[in-house]
Amino acid sequence: MPSGKAVPSGQPGAPGQTEAVLRRLEYAVRNKLDGLLLGSYLGLVPGPGSEPGESRQYYPGDDVRRMDWPVTARTMTPHVRQTVADRELETWLVVDLSPSLDFGTVNMEKRELVFAAATAITHLTAKAGNRIGAIITTGEQTYRIPAVAGSNHARYVMRKLAGTPRATEGRRGDLARALEQVRRPPRRRGMVVVISDFLGDQDWERPLRGLGDRHELLGIEVLDPHELELPAAGLVTFVDPETGEQLEVQTSDAELRLRYARAASEQREQIASMLRRAGADQLRLRTDSDWLSDIVKFVVTRRRGVAVRPPSRAGMIGVH
């Protein structure tokens, strides 16, 4: 299976077929990540810990509260003091499978990209021995999987995610409610990974910001290129999968396509700002790009200790 070019369908299928798809995806993720992420690493974003460790050179984005002033003064180069990472942390996946994710025009649907990203995160987390749990929301149903350690449980999470039925058209997602299920009751300090297109109601910032008080936060934004720019395809009927509303649009109008691109850019910038205010790092994955390579680049940046923030204007398309 070409990495980043094919992922399993999000549609529930026969148990044997689902298991075969899971094995192929796990094999691709393991080979790609373990082959490129060389050296000792404890997962995607290990806890910062409290035990003092070695000093390293400061990189833009590091927490200035960890400045190692004696080493900085001795070397005349800014250094920060690292800490020994905590073990056995909890990682929670908040997975959005609302109807707006049932869309894709290139290599895959956004729903399939969500599943692929969750598989990669689960692999990185389980490799470190952490507990992993999940909140899966479709707008119709919310599924909660307790946080447990071990590779067997990690595979169970992936099977549950792969078997989650699609919500019927006209159902709006509720990402804020899913985040509240992680926030209350309070849980041990760990990591929360939100995988969504972040479309629809924008009421998820407050619960996400509340989670940031105790947890490392990562927002994985999945998108399709035609959500950023309209093709010149003549008269097209657009359907909002979360409301059922239909709209006919003459996409041959160059001015309309320009306005659409501007509005889409503003929308994505707003989402980036909300994630940034909540204290979350951001990873953008596209249905027309090599998602595994994008994840590798992201993890390598995190291993350097640099906070990963989306660009404000230029380079809004993806993480490169």
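Counting from 1, the numbers follow the sequence of the chain as shown. Just so it is clear, the model here is predicted, and its values are computed rather than measured.
- In the hydrophobic cluster analysis, where Ile, Leu, Val, Met, Phe, Trp and Tyr join through side-chain heavy atoms closer than 4.5 angstrom, F298 is grouped together with I121.
- When side chains are defined from C-beta on, T77 counts as touching Q57, because their heavy atoms get closer than 4.5 Å.
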- Message: Run I145 and Y156 through side-chain contact (heavy atoms from CB on, under 4.5 Å) and show every step you take.
- Response: CA-CA 9 Å; I145 303 174; Y156 168 76; 3.8 Å; yes
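- For the residue pair T287 / N107, no side-chain donor-acceptor distance below 3.5 Å is found, with atom types taken as modelled.
- The cluster map of Ile, Leu, Val, Met, Phe, Trp and Tyr, joined by side-chain heavy atoms under 4.5 Å apart, puts L230 and L223 in different clusters.
- Looking at heavy atoms from C-beta onward, T91 lies out of side-chain contact with E216 at the 4.5 angstrom threshold.
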- Message: Run T125 and R131 through side-chain contact (heavy atoms from CB on, under 4.5 Å) and show every step you take.
- Response: CA-CA 8 Å; T125 301; R131 294 180 297 276; over 6 Å; no
- Tell me, with the steps shown, if E221 and K110 meet salt bridge (Lys or Arg N to Asp or Glu O under 4.0 Å). CA-CA 10 Å; E221 181 186 7; K110 292 192 297 179; over 6 Å; no
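- L218 and W92 fall into different hydrophobic clusters, where Ile, Leu, Val, Met, Phe, Trp and Tyr residues are linked whenever their side-chain heavy atoms come under 4.5 Å apart, directly or through other members.
- A distance-only check finds no donor-acceptor pair linking the side chain of S265 to the backbone of A261 [under 3.5 Å].
- Hydrophobic clustering (side-chain heavy atoms under 4.5 Å, transitive across Ile, Leu, Val, Met, Phe, Trp, Tyr) groups V114 together with V29.
- Within a 6.0 Å radius of CZ in R159, other residues, nucleotides and ligands contribute more than 12 heavy atoms.
- Counting only distance, with no hydrogens or angles, the side chain of E109 and the backbone of R111 share no donor-acceptor pair below 3.5 Å.
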- Message: Assess the residue pair V193 and M191 against the criterion (side-chain contact (heavy atoms from CB on, under 4.5 Å)); give the C-alpha distance rounded to whole Å, side-chain angles, the decisive distance to 0.1 Å, and a yes or no.
- Response: CA-CA 7 Å; V193 180; M191 179 181 177; 3.3 Å; yes
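- No side-chain heavy atom of R286 sits under 4.5 Å from any side-chain heavy atom of V106.
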- Starting from the C-alpha separation in whole Å, work towards a yes-or-no answer on salt bridge (Lys or Arg N to Asp or Glu O under 4.0 Å) for R257 and E229. CA-CA 7 Å; R257 295 199 306 273; E229 294 181 352; over 6 Å; no
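- Identified under the ring pair (Phe, Tyr, Trp, His ring centres under 6.0 Å) test for residues 243-280, with sequence neighbours left out: none.
- Applying the side-chain hydrogen bond (donor to acceptor under 3.5 Å, both in side chains) criterion to S196, with sequence neighbours excluded, gives D96.
- Not a single donor-acceptor pair under 3.5 Å links the side chain of H215 to the backbone N or O of E90.
- T251 contributes a side-chain N or O that, together with a main-chain N or O of A233, makes up a donor-acceptor pair within less than 3.5 Å.
- Taking P70 as the reference, D68 meet the side chain to side chain contact (heavy atoms under 4.5 Å, CB included) condition, with sequence neighbours excluded.
- In this view, W204 and F198 satisfy the ring-ring contact (aromatic ring centres under 6.0 Å, His included) rule, not counting sequence neighbours.
- A118 is linked by a side chain to side chain contact (heavy atoms under 4.5 Å, CB included) to L93, M158, L161, I195, counting only residues two or more places apart in sequence or in another chain.
- Of the residues listed (L179, L211, I220), the one engaging V194 in a side chain to side chain contact (heavy atoms under 4.5 Å, CB included) is L179, and it is the only one.
- For OH of Y27, the number of neighbouring non-hydrogen atoms (other residues, nucleotides, ligands) closer than 6.0 Å is 12 at most.
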- Task: Test R177 against E180 for salt bridge (Lys or Arg N to Asp or Glu O under 4.0 Å), laying out the working first.
- Result: CA-CA 5 Å; R177 182 180 178 184; E180 286 290 354; over 6 Å; no
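- Taking the charged nitrogens against the carboxylate oxygens, R23 and E26 have no contact shorter than 4.0 Å, which rules out a salt bridge.
- There is no side-chain donor-acceptor pair under 3.5 Å between T138 and E140.
- Scored by the side chain to side chain contact (heavy atoms under 4.5 Å, CB included) test, L258 finds E255, R262 as partners (sequence neighbours excluded).
- The closest donor-acceptor contact from the side chain of D224 to the backbone of T105 lies under 3.5 Å.
- H153 contributes a side-chain N or O that, together with a main-chain N or O of I132, makes up a donor-acceptor pair within less than 3.5 Å.
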- Message: Between R276 and S273, does the side chain to side chain donor-acceptor pair (under 3.5 Å) criterion hold? Intermediate values first, please.
- Response: CA-CA 5 Å; R276 186 164 50 246; S273 296; 3.2 Å; yes
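- Side-chain contact between R166 and P99 is absent, with no heavy-atom pair separated by less than 4.5 Å.
- S289 places no side-chain N or O within donor-acceptor distance of the main-chain N or O of L285, the cut-off being under 3.5 Å.
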